[in-house]
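As structure tokens, the structure follows; a few thoughts come after it.
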Amino acid sequence: GTSTFMEALAANGTSNIQTSVTGVSASKRRFIDDRRDQPFDKRLRFSVRQTESAYRYRDIVVRKQDGFTHILLSTKSSENNSLNPEVMKEVQSALNTAAADDSKLVLFSAVGSIFCCGLDFIYFIRRLTDDRKKESTKMAEAIRNFVNTFIQFKKPIIVAVNGPAIGLGASILPLCDVVWANEKAWFQTPYTTFGQSPDGCSSLTFPRIMGLAS
């Protein structure tokens with residue numbers, strides 16, 4: 001079980017482990033959509049799905065390994081592994097299944113060079129019809145349920161971060177048990193830039209981890 005787990009981590013580019021997420025300046029990091037490795041990411045996503053003989057998800061890939069469950073973000077309904085209600089529901093479903101089966105822990109990672117770009121704002125904006133209050137309530141409920149699933153999950157969650165983790169993609173990390181990051185990982189929470197309230201309980205967890213001043 002241990003060797004299989006380490007092989008899964010190595011496959012996500014986390015063989016050289018860094019356990020600290022500090023030292024990253026948001027002002028010096030800017031995510032660029034037009035990345036050179038996008039074609040490679042698409043081929044990698046297709047390859048991962050082709051090697052899975054049976055999967056029932058659209059936006060994630062779930063592998064049942066020896067003693068653990070491996071959940072990989074590989075979104076089709078959003079760009080850059082960002083989170084919309086469909087993606088969040090699939091992650092919740094996979095976690096609930098892992099909570100009930102014989103998995104000892106969950107390894108959570110992503111396919112490609114991006115870990116998670118946080119909330120899919122384009123998706124949410126498109127859903128803001130005339131009844132904005134109703135749609136906003138549904139969005140908030142989807143995010144709340146997603147975050148609560150991580151909080152209430154009783155088995156260890158190990159996260160392998162192989163690239164940018166932005167917004168909710170970064171704020172859920174303290175809700176997990178261990179975070180392993182490779183040299184390509186960086187972390188950003190641009191809440192003030194977007195006029196957004198902190199999410200994922202980060203207003204509580206970040207000060208505890210980094211100190212109130214930071």
Side-chain angles (χ1 to χ4, degrees), residues 5-6 8-10 12-31 60 68-73 80-84 87-88 91-92 94-96 98-99 103-110 112-121 139-214:
F5 180 70
M6 296 308 296
L9 283 172
N12 281 273
T14 52
S15 54
N16 294 326
I17 297 168
Q18 297 174 347
T19 55
S20 173
V21 300
T22 59
V24 177
S25 173
S27 62
K28 295 181 181 179
R29 296 287 194 180
R30 182 173 298 173
F31 181 71
I60 63 175
F68 70 96
T69 296
H70 191 179
I71 302 173
L72 301 96
L73 284 175
N80 303 318
N81 289 335
S82 56
L83 302 170
N84 59 40
V87 179
M88 291 188 281
V91 173
Q92 289 175 248
L95 285 173
N96 289 334
S103 299
K104 299 296 189 295
L105 57 85
V106 165
L107 173 61
F108 187 54
S109 63
S113 59
I114 297 173
F115 175 68
C116 178
C117 279
L119 292 175
D120 184 356
F121 286 113
M139 295 173 191
E141 189 66 23
I143 298 168
R144 184 181 298 110
N145 291 336
F146 178 72
V147 172
N148 280 338
T149 301
F150 281 83
I151 294 173
Q152 296 168 3
F153 193 77
K154 295 182 179 180
K155 298 177 182 179
I157 300 178
I158 315 300
V159 187
V161 184
N162 59 318
I166 303 172
L168 187 58
S171 63
I172 61 170
L173 298 179
L175 304 179
C176 303
D177 297 276
V178 177
V179 178
W180 287 353
N182 69 7
E183 67 280 356
K184 295 181 180 179
W186 51 271
F187 308 83
Q188 191 177 54
T189 50
Y191 299 128
T192 54
T193 302
F194 296 130
Q196 179 191 359
S197 300
D199 53 23
C201 305
S202 56
S203 59
L204 173 68
T205 58
F206 281 11
R208 286 188 174 184
I209 294 171
M210 296 181 282
L212 203 57
S214 296

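This is a predicted model, so every value here is computed, not measured.
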If you round to the nearest 0.5 Å, how far is [atom2] of [Y] from [atom1] of [X]?
X      : Y      : atom1 : atom2 : result
Cys116 : Leu73  : SG    : CG    : 5.5 Å
Leu105 : Cys176 : CG    : SG    : 12.0 Å
Ile114 : Asn80  : CD1   : CG    : 4.0 Å
Leu119 : Met139 : CG    : CE    : 10.0 Å
Leu83  : Ile166 : CG    : CD1   : 11.5 Å
Ile172 : Met88  : CD1   : CE    : 10.5 Å

Taking [Y]'s backbone N and O only, do any of them form a donor-acceptor pair with [X]'s side chain (distance below 3.5 Å, no angle check)?
X      : Y      : result
Asp177 : Ile157 : yes
Asn84  : Asp120 : no
Asn162 : Gly112 : yes
Ser202 : Pro198 : no
Ser109 : Ala160 : no
Asn182 : Lys184 : yes

Which of parallel (below 30°), tilted (30 to 60°) and perpendicular (above 60°) describes His70 and Phe68?
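Because their plane-to-plane angle lies in the 30° to 60° range, the rings of His70 and Phe68 count as tilted.
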Over 12 non-hydrogen atoms of neighbours within 6.0 angstrom of CG in Leu212:
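Counting neighbours around CG of Leu212, 12 or fewer heavy atoms of other residues, nucleotides or ligands fall under 6.0 Å, so no.
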Would Cys201 and Phe150 count as a side-chain contact (heavy atoms from CB on, under 4.5 Å) if you check the C-alpha gap in whole Å, the side-chain angles of each, and the deciding distance to 0.1 Å?
CA-CA 11 Å; Cys201 305; Phe150 281 83; over 6 Å; no
For residues 193-214, pull every pair meeting ring pair (Phe, Tyr, Trp, His ring centres under 6.0 Å), keeping only residues two or more places apart or in separate chains.
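The answer is Phe121-Phe194.
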Which side-chain hydrogen bond (donor to acceptor under 3.5 Å, both in side chains) pairs, counting each pair once, include a residue from residues 142-156, with sequence neighbours left out?
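As it turns out, the side-chain hydrogen bond (donor to acceptor under 3.5 Å, both in side chains) pairs with a partner in residues 142-156, which skip direct neighbours, are Gln92-Thr149, Glu141-Arg144.
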